[in-house]
Structures are given as C-alpha cells and as structure tokens.
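One is the number of the first residue; the rest follow in order along the sequence. Both ligands and their constituent atoms are indexed starting at 1 by order of listing.
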Amino acid sequence: MSERTRQVREGLAAVRERIARACGDAGRDPADVRLIVVTKTWPADDVRRLADLGVTDVAENRDQEAAPKVASCADLPLTWHFVGQLQRNKAGSVARYADVVQSVDRASLVAALDRGAQRAGRRLGALVQVRLDGDPGRGGCDPADVGTLGETIAAADRLDLLGLMAVAPLGQDPAAAFARLAGIRTGLRERFPTATWLSAGMSGDLEQAVAAGATHVRVGSAVLGGRPDVR
Ligand SMILES: *Cc1c(COP(=O)(O)O)cnc(C)c1O
C-alpha cells in the first residue's frame with residue numbers, strides 16, 4: 001500500500017469515527033448521516049483511493065477542475081456533488097456531470113441548470129444554499145428567500161429539490177448557525193415533504209452539524225489533508 005493510500009485510509013477512518021461518536025452523542029443512527037468527501041485540489045488518484053475505501057459521495061467546487069476529474073473517474077460508482085459558487089455560464093457544463101448541485105442560491109441559476117440538464121438528458125438533485133451570515137460575497141440566498149427559491153426549483157422540469165445546504169459563518173458558534181438552518185429546513189419541508197437533506201458540517205464543525213440534524217456532512221481536509229490553497 002502506498003504512503004498516500006495509508007494516509008487517506010487513516011484520515012477516512014478518523015472521520016468515520018468522529019461521525020459515529022457524534023451520532024452516539026446525539027442519539028442518531030450513523031446510517032442517517034452520509035459522508036461526502038470534498039476532493040477539490042486533490043487529484044483523480046485520490047478519488048480512486050476513496051472509492052476503493054468505500055466512499056460513495058464526493059464533492060468539487062470549481063467546474064474547471066471538476067469536469068476533467070469526473071471524466072477520468074467515469075468508471076467509479078460515485079455520486080458527484082457540486083458545492084461551489086456557480087456562474088450561470090458554467091451551469092451547462094456542471095449539469096453534464098454533477099448528480100447534485102448543492103449551491104443553488106438564485107433563480108437565474110435554476111433556469112440555467114434546468115436548461116443544461118435538459119440538453120444533457122439528465123435530472124439533477126438541487127439544494128438551496130442558505131447564507132447564514134450577512135455576507136453576500138460568500139454565496140447562498142437570504143433565509144427569507146428560501147421558500148421562493150424552493151418553489152422555483154420544484155417547478156423546474158429537470159431538477160429535484162432535495163433540501164438545504166449551508167456553511168457555518170466564520171467566527172460564530174456553528175451550533176447556533178446549524179440550529180437556525182435546521183429551523184429553516186423544517187419550514188421548507190412543510191411545503192416540500194421530500195426536501196429532507198440538511199447538508200451541513202465540514203472538517204471543523206461536523207459534530208455540531210450532526211447534533212443539529214445534518215443528513216450530509218462535507219469533509220475535505222480532515223480526510224485528505226491540508227489543501228495548499230485554502231479556499
Ligand atoms: C471545501 C469545502 C468543504 C470542506 O471543507 P474542509 O474544511 O476541508 O472539510 C465543505 N463545503 C464546501 C462548500 C467547501 O467549499
């Protein structure tokens with residue numbers, strides 16, 4: 001086994017252990033929390049290692065990097081998530097390979113993704129990304145607009161509204177932010193009972209996310225190591 005394979009295996013085991021412990025503390029079944037490994041900045045070889053180790057879900061945040069990586073891993077049984085801020089002119093490309101776009105934060109993007117999925121002959125899962133701090137530069141829609149954006153996604157021919165995604169605001173208590181997100185999800189589910197996903201929690205705050213009811217955690221550095229360019 002290569003040194004890198006050993007490293008990835010250990011990182012993955014440690015994260016699975018953290019998820020299991022957080023579930024134990026929260027009285028939740030670990031089978032109800034899916035680990036998505038964020039592979040941005042890491043090569044396709046690492047994606048292959050992860051698939052060999054039983055990872056089923058991976059995520060990328062830039063189309064330029066993701067498109068060739070997904071293509072070179074086409075033989076692997078993986079679900080690909082797109083979690084980055086998305087320009088409308090990249091939506092057609094992302095619609096060709098992403099299974100779930102977690103960063104849908106405005107109606108113009110819904111239309112572009114729907115057209116892209118139509119052209120590619122595919123359906124896409126979609127999450128509304130919610131902004132939990134006041135900073136519009138970091139992506140996500142205002143909590144007050146979640147319902148309207150949810151309606152727009154649900155009305156799109158080729159998109160399936162699955163739930164919500166958020167990143168905890170820098171320098172704030174993640175537990176409070178995730179509790180707020182869970183409350184927003186409760187409201188969304190009253191209108192859309194199938195919008196069950198709560199994608200929250202990263203390397204630094206997955207425990208708080210699991211405690212708040214996260215169904216999906218997105219973990220990069222705790223599995224794969226520190227990225228050279230933190231973004
Ligand atoms: C990079 C990234 C993650 C993973 O972050 P880590 O701190 O490396 O676990 C999760 N979600 C999004 C949206 C990201 O861009």
Yes or no on salt bridge (charged side-chain N to carboxylate O under 4.0 Å, His left out) for R4 and D46, after CA distance, side-chain angles and deciding distance?
CA-CA 8 Å; R4 179 59 176 158; D46 280 347; 2.8 Å; yes
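- Q7 is not listed as a side-chain neighbour of V223, based on a closest heavy-atom distance of 4.5 Å or more.
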Apply salt bridge (charged side-chain N to carboxylate O under 4.0 Å, His left out) to the pair R49 and D52, showing each step before the final yes or no.
CA-CA 5 Å; R49 288 185 175 94; D52 284 346; over 6 Å; no
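- Taking any N or O of R218, backbone or side chain, at least one lies under 3.5 Å from an N or O belonging to ligand 1.
- Considering A200, G204, S203, S103 only, the shortest heavy-atom separation from atom 6 (P) of ligand 1 involves S203.
- Put simply, no part of Q102 is less than 4.0 Å from ligand 1, judged by heavy atoms.
- Listed by number with element, the atoms of ligand 1 under 4.0 angstrom from any heavy atom of G220 are 4 (C), 6 (P), 8 (O), 9 (O).
- Considering M202, Q129, Q85, K40 only, the shortest heavy-atom separation from atom 10 (C) of ligand 1 involves M202.
- Counting heavy atoms closer than 4.0 Å to ligand 1, residue V38 contributes side-chain atoms (C-beta onward) but none from N, CA, C or O.
- Proximity to V219 (heavy-atom distance under 4.0 Å) selects the following atoms of ligand 1: 9 (O).
- Residue pairs meeting the ring pair (Phe, Tyr, Trp, His ring centres under 6.0 Å) criterion with at least one partner in residues 204-223, sequence neighbours excluded, are W197-H216.
- For the side chain to side chain donor-acceptor pair (under 3.5 Å) condition, the pairs that include at least one residue of residues 162-191, sequence neighbours left out, are E151-R191.
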Evaluate the criterion salt bridge (charged side-chain N to carboxylate O under 4.0 Å, His left out) for residue pair R158 and D114; output intermediate values, then yes/no.
CA-CA 5 Å; R158 295 276 177 161; D114 194 34; 5.9 Å; no
